[in-house]
Amino acid sequence: MATEYGGLDIDEMGRVIDEAGVLVIRFHVISQRLLVDARITDDDPPLIQLVPPVSSAEERYRHLKQLRPSMPLPEQITVLSWPRYVEVMRDAGLWRRLEERLISLGGEPLADRCREVFEEVRSAERAEVVAAILGGEGYESLWERSAAR
């Protein structure tokens, strides 16, 4: 029986996190993507980084090649949509699962990197929510819309 968390199949998402060589996580609030490349060599530890969105798979492969020039291109890039805030990912145990996988592959320095990236995602989400509330770039606040009528 699948473990559900707020209607999400956590077991399946965990399986994807555990098995994907290259994973892109799309968040619902921010346009940036979380790129996780679990492939390693003696000179290249795993990579976890917030990256800009791209317009095609080909563009993502080119971007990955720029980030990791010594690595061959992967056969596939798995995309996972996360329809909640990153805090919920942590509460559901998925962020910890991602951290544990990367640390097991690249050592303890990846723990600090995972924490940094988590904070980047959380900060980007907060900034986007504030912009939506205050009518920042790309948004129109309810107060502005009401006043304009």
Side-chain angles (χ1 to χ4, degrees), residues 2-141:
T3 304
E4 288 206 15
Y5 189 96
L8 301 172
D9 186 342
I10 297 302
D11 290 340
E12 180 60 22
M13 290 183 170
R15 185 192 64 74
V16 170
I17 288 170
D18 291 345
E19 296 175 5
V22 179
L23 174 64
V24 173
I25 300 176
R26 297 176 54 179
F27 295 97
H28 82 290
V29 173
I30 60 173
S31 62
Q32 297 101 321
R33 311 300 191 225
L34 181 64
L35 174 64
V36 179
D37 188 344
R39 301 171 305 145
I40 59 172
T41 67
D42 290 340
D43 299 324
D44 286 313
L47 174 91
I48 180 169
Q49 182 173 329
L50 206 54
V51 296
V54 295
S55 57
S56 67
E58 292 79 16
E59 190 177 346
R60 178 61 67 208
Y61 278 97
R62 280 194 302 274
H63 186 241
L64 185 58
K65 191 63 178 170
Q66 289 173 345
L67 288 173
R68 303 196 79 181
S70 64
M71 286 286 210
L73 288 175
E75 287 186 30
Q76 71 175 22
I77 297 175
T78 303
V79 178
L80 177 70
S81 289
W82 181 251
R84 307 273 192 283
Y85 292 98
V86 72
E87 291 275 354
V88 177
M89 180 180 273
R90 184 175 62 187
D91 294 346
L94 291 173
W95 189 268
R96 184 70 199 147
R97 200 162 171 167
L98 179 63
E99 284 180 330
E100 288 171 355
R101 180 174 185 213
L102 295 179
I103 292 166
S104 74
L105 294 168
E108 200 54 39
L110 269 292
D112 290 337
R113 181 66 186 140
C114 288
R115 281 190 289 277
E116 290 169 9
V117 172
F118 181 86
E119 289 303 321
E120 285 179 48
V121 175
R122 188 165 56 179
S123 293
E125 285 177 341
R126 285 181 179 161
E128 196 67 23
V129 169
V130 167
I133 292 169
L134 298 178
E137 188 174 334
Y139 296 97
E140 181 179 305
S141 75

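The basis for the numbers below is simple: all heavy atoms, side chains too, and nothing from hydrogens, waters or symmetry mates.
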Which pair of heavy atoms, one from P45 and one from D43, lies closest together, and at what distance? CD-O, 3.7 Å

Dump the intermediate steps for side-chain contact (heavy atoms from CB on, under 4.5 Å) on V22 and L35, then the final yes or no. CA-CA 7 Å; V22 179; L35 174 64; 3.9 Å; yes

Under 3.5 Å, is there a donor-acceptor pair between the S70 and D44 side chains? yes

Pair D18 + R97, salt bridge at N-O below 4.0 Å: yes

What distance separates E87 CD from R122 CZ, expressed to the nearest 0.5 Å? 4.5 Å

Measure the CD1-CG distance between I40 and L47 for me, rounded to the nearest 0.5 Å. 13.0 Å

Please enumerate all residues that pass side chain to side chain donor-acceptor pair (under 3.5 Å) together with S81, with sequence neighbours excluded. none

side-chain contact (heavy atoms from CB on, under 4.5 Å) between E128 and E125, worked out: CA-CA 5 Å; E128 196 67 23; E125 285 177 341; 5.8 Å; no

Among residues at least two apart in sequence or on other chains, which ones pass salt bridge (Lys or Arg N to Asp or Glu O under 4.0 Å) with R68? D37

Run the numbers on M89 and F118 for side-chain contact (heavy atoms from CB on, under 4.5 Å), then give the verdict. CA-CA 10 Å; M89 180 180 273; F118 181 86; 6.0 Å; no

Quick one: does V86's side chain get under 4.5 Å of L34's, heavy atoms only? no

Between E120 and L50, is there a donor-acceptor pair closer than 3.5 Å when you use the side chain of the first and the backbone of the second? no

Side chain of R33, backbone of V79: donor and acceptor closer than 3.5 Å? no

Heavy atoms only: give me the nearest A38-P46 pair and the separation to one decimal. CA-CB, 4.2 Å

Please determine whether side-chain contact (heavy atoms from CB on, under 4.5 Å) holds for the pair R62 and K65, giving the CA-CA distance in whole Å, both sets of side-chain angles, and the decisive distance to 0.1 Å. CA-CA 5 Å; R62 280 194 302 274; K65 191 63 178 170; 5.7 Å; no

Taking side chain as C-beta onward, heavy atoms only, is I25 less than 4.5 Å from V121? no

First locate atom CG of L73, then atom CG of L64, and finally report the distance between them rounded to the nearest 0.5 Å. 6.5 Å

What residue among R101, E99, E119, E100 forms side-chain contact (heavy atoms from CB on, under 4.5 Å) with C114? E99

Under the side chain to side chain donor-acceptor pair (under 3.5 Å) test, which residues partner R113, sequence neighbours left out? E116

Y61 side chain near P74 side chain, heavy-atom distance below 4.5 Å: yes

Rounded distance (nearest 0.5 Å) linking atom CZ of R126 with atom CD1 of I30: 12.5 Å

Smallest heavy-atom separation, F27 atom then Q32 atom, equals CD1-O, 4.3 Å

Rounded to the nearest 0.5 Å, what separation is found between the CD1 atom of I17 and the CG atom of L23? 6.5 Å

Measure the shortest side-chain to side-chain distance between V129 and Y85 over non-hydrogen atoms and say whether it is less than 4.5 angstrom. yes

Value rounded to 0.5 Å, distance of CZ in R39 from CG in L105: 12.0 Å

